[in-house]
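Before any comments, here is the structure.
If you're wondering where the values come from, they're calculated on a predicted model, not measured in any experiment. We use all heavy atoms of the structure for the numbers below, so side chains are in, but hydrogens, waters and symmetry mates are not.
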Amino acid sequence: MRLLSIVQSVLAAIFGVQSHGKYKHDFNSESFLPFLIIGIVFVLGFVISIALLVHYILR
């Protein structure tokens, strides 16, 4: 599975707008590990960016 496809799937899942067909395709893939890694990276990036934004605003 291509990296761009995995990133699109993770972003769609995070925002809750993933289609049912794409959902089925993702769950029929051979490994969930790429989805897990990309998901963790995006969530950590989001949390760190929010923390930095709050730190900047409160300074």
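Note: the hydrophobic cluster containing Ile40 also contains Phe32 (ILVMFWY, side chain heavy atoms under 4.5 Å, direct or indirect links). Criterion: ILVMFWY side-chain heavy atoms under 4.5 Å apart, direct or through other members. Under it, Leu44 and Ile37 are part of a common hydrophobic cluster. Ile48 and Val43 are members of different hydrophobic clusters when ILVMFWY side chains are connected at heavy-atom separations under 4.5 Å.
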Go through Phe27 and Tyr23 one step at a time and tell me if the ring-ring contact (aromatic ring centres under 6.0 Å, His included) criterion holds. CA-CA 6 Å; Phe27 272 87; Tyr23 172 80; 4.7 Å; yes
Apply the test side chain to side chain contact (heavy atoms under 4.5 Å, CB included) to residues Leu11 and Gln18: give CA-CA distance (whole Å), side-chain angles for both, the deciding distance (0.1 Å), then the verdict. CA-CA 9 Å; Leu11 285 175; Gln18 190 166 18; over 6 Å; no
Before giving the answer on side chain to side chain contact (heavy atoms under 4.5 Å, CB included), spell out for Phe46 and Ile14 the whole-Å C-alpha distance, their side-chain angles and the decisive distance to 0.1 Å. CA-CA 11 Å; Phe46 178 73; Ile14 286 173; over 6 Å; no
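Summarising the geometry, atom CG belonging to Leu36 is positioned 11.5 Å from atom CD1 belonging to Ile6; distances are rounded to the nearest 0.5 Å. Of the inter-residue distances, the one linking Arg59 atom CZ with Ile57 atom CD1 reads 12.0 Å to the nearest 0.5 angstrom.
Taking Ile, Leu, Val, Met, Phe, Trp and Tyr as hydrophobic and joining them when side-chain heavy atoms fall under 4.5 Å apart, one finds Leu4 isolated, its cluster having no other members.
For the pair Ser5 and Lys22, the minimum side-chain heavy-atom distance is below 4.5 Å. In this structure, Ile38 and Leu3 have side chains that are in contact, with non-hydrogen atoms separated by less than 4.5 Å.
Under the 3.5 Å distance criterion, the side-chain polar atoms of Ser29 are matched with a main-chain donor or acceptor of Asp26.
In terms of heavy atoms, Val10 sits closest to Phe35 at CG2-O, 3.8 Å.
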